[in-house]
There are 2 protein chains.
Amino acid sequence: MARAAGVAPSTVSYVLSGKRSISEETRRQVEQSVRKLGYHPHAGARALASSRTKVLALVVPLRADLNMAVMMQFVSSVVTAAREHDHDLLLLTKDEGPQGLRRVTSSAIADALIVMDVEAADPRVPVLRSLDRPVVLIGAPDQITPMGLTCVDLDFTAAGASCVGHLADLGHRSIALIGPSPAVYKRGTSFAGRFLRGFTDAAKVRGVRATSHPCAPGYEATRACLDELLAEEPKVTGLIVHNEAVLPAVLTELQRRGRRMPEDLSLIAVCPDAMADNQPVSLTTVAIPATELGEMAVEMIIRQLEQKAPSAPETRLLSPRLTQRASTAPRKS
Amino acid sequence: MARAAGVAPSTVSYVLSGKRSISEETRRQVEQSVRKLGYHPHAGARALASSRTKVLALVVPLRADLNMAVMMQFVSSVVTAAREHDHDLLLLTKDEGPQGLRRVTSSAIADALIVMDVEAADPRVPVLRSLDRPVVLIGAPDQITPMGLTCVDLDFTAAGASCVGHLADLGHRSIALIGPSPAVYKRGTSFAGRFLRGFTDAAKVRGVRATSHPCAPGYEATRACLDELLAEEPKVTGLIVHNEAVLPAVLTELQRRGRRMPEDLSLIAVCPDAMADNQPVSLTTVAIPATELGEMAVEMIIRQLEQKAPSAPETRLLSPRLTQRASTAPRKS
DNA sequence: CTGAAAGCGCTTACAG
DNA sequence: CTGAAAGCGCTTACAG
């Protein structure tokens, strides 16, 4: 390559990296040869010499109880954002555990880590903290920031409160939450707990009756959950569904039971907006901003990589956005 | 590392790779130091010296008209299988196009490529063929094998035929297919066309009436599609849904219109079996074996990497598996 | 059974 | 503004 352009290898390197000024002429010379030969520097050699791989690692959970479609939205937006910043994306699974994280960083496969689905008491947290590479969590575990990790997430507490606020404003006095699978709460996946807390606290403040119903995946579980919920007195007139996997089943069952939306029941779905499109009714939603979160995570990581000094850990919580559509209405008194 | 174990660097390398015999004693010595120091060889250095990265690249489509949940199943199984074979997975998107493939291979970021969603006249095909690295396609484009690429896929032609066969055996004489979005056919994504061909040909052979209804995503499109389909004469009594995204909407709409399953209408869903679980009725399915396909792709790639001589391209088509459940029954005469 | 040495293809101080 | 040289951390013939 260097000889094709009639310059020294170092010059090629400098042209490509822009790390020092180059005369118009040699730059053109080099760029032309690069194009002609379809030259791409050897990634391993570059990594070895520069200690930079230009690879980001994303650790995803592969859990049946988390929604695959939502996961894929995160993955999509992270890989797209990474490429926009001239980085590649390595995919890791949660199954690799703490040692997987060590492997990837200590063998210099990736420069930084984006980690999803961190649980309370997650054994990966201490490792992540000791890694000495930029780390951003998507999803904020309770109490992580003081422990020194950077997170981005939807403000699920505010999201829970905002749902309650909307329903209360519409006059609903008895509301219910269909939440994620019990297994999700049990693992201490904090988004579930935070949403629930926001929901509960806001209900107390607004003086409305509020019950919570975690729901396992599968149609049977959904039906059972609705049985329980609809039997309550006073009658539930406001429903929040914070569980993408069972949302279609909930809608189908409500219809089968003759509960009309919004006449008999107002419903808010907490899910990516794209998902609301496939539903029979235009749903009032609190959006899960998967795409923005993925982009933000990448941008924060890239910024950390650009500055040599490790930046102070921060937590960025996106404010929830509630969009009213046809599935919520004032309570019929 | 080498000094910690009191041996030469080359010895460490040989212990780790197993490429030559080592005395019990030095092996133990080395292994112990490896554990103690948490040593992992530098991936870039290894790649540079050995021309092997131990990284597989997976190229996924990020298209709204392909089902995200199904995509994620493929991704999951590929990454899991790759790790089982001691390889990492780099994720690329279709958006990167032909030059993305060149970039990844010519900069030696990955050893081999697994590519999804290859279309008719896909500009990536000639590039893929010229790449001189193992390539496996998930999803067999028509006419690709003679062009020299290895593929794995479900035998969609047989799948279409098998659906028709099942319904015809049950006595249905007028059947319909709700297929993927028109955009999918237009792109020449071959699974859609192959399924349709199997469906059409088998219907001809069995002498049943058969119509095809591509369906765009979204509830409105689904409703329109059903309007058209249910207006047909003679009345459709057998329905095949080969479109995961609209399946829940189809079921909801059928119920809303008072069409009972299987009394009024027998329905077969073509989708991953996991997806059938979340539906109100236990559905007769032809499974899309995403997990198996991903595993097979990885195994074929790994095998190609192990043998130095490039192996002859082959196409492996999995036979469809139809599982009868509660949504299909003999036609009420 | 093991080691010394060359070399993989870059980047980056060091010189000029 | 540019080049020669060292060095990144491995692997793999080459010797013994």
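Just so we're clear, the structure is a prediction, and the values are computed from it rather than from any experiment. Note on naming: letters A, B, ... go to the chains in the order of the sequence lines (proteins, then strands), and numbering restarts at 1 for each one.
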Starting at NE2 of A:His42 and ending at P of D:dG9, how long is that distance when rounded to a whole Å?
17 Å
Is the closest basic N to carboxylate O distance between A:Arg187 and A:Asp117 below 4.0 Å?
yes
Salt bridge or not for B:Asp88 and B:Lys54, using N-O below 4.0 Å?
no
D:dT12 OP1/OP2 closer than 4.0 Å to side-chain N/O of B:Lys19
yes
Where B:Leu48 and A:Ala45 come nearest, the two heavy atoms and their spacing:
CD1-CB, 3.7 Å
note: B:Gln29, atom CD; C:dT2, atom P; distance rounded to Å ~ 11 Å
Taking for A:Pro41 and for B:Arg20 the nucleotide of DNA chain C with the nearest heavy atom, the one nearer the 5' end belongs to B:Arg20
G-U wobble or Watson-Crick pairing nucleotide for D:dA13 (cut-off 3.5 Å, both distances):
none
Touch class at under 4.0 angstrom, heavy-atom based, for B:Thr26 against every strand present:
sugar-phosphate
So, are A:Arg35 and A:Glu31 salt-bridged, with charged N and O less than 4.0 Å apart?
no
With a non-hydrogen cut-off below 4.0 angstrom, is A:Ala45 in contact with a base, only sugar-phosphate, or nothing?
base
Report the residue (B:Ser50 or A:Ser10) whose heavy-atom-nearest nucleotide on DNA chain C is the more 5′ of the two.
B:Ser50
Separation of C:dT11 P from A:Leu48 CG (nearest whole Å):
11 Å
Respond yes when some side-chain nitrogen or oxygen of B:Thr11 is under 4.0 Å from OP1 or OP2 of C:dG3, and no when none is.
yes
Could you check how far CG of A:Leu16 sits from P of C:dG9, rounded to whole Å?
16 Å
From CD1 of A:Ile22 across to P of D:dG3 the rounded distance in Å is 9 Å
From the candidates D:dT12, D:dG7, C:dC1, the one with an atom nearest any side-chain atom of B:Ser13 is D:dT12
May I ask you to verify if any side-chain N or O of B:Tyr14 is less than 4.0 angstrom from the OP1 or OP2 atom of D:dC10?
no
State whether B:Arg103 and B:Glu96 are salt-bridged, where the test is any N-O pair (Lys NZ or Arg NE/NH1/NH2 against Asp/Glu carboxylate O) under 4.0 Å.
yes
Phosphate-side-chain proximity, B:Ser21 and C:dC1, N/O vs OP1/OP2 below 4.0 Å
yes
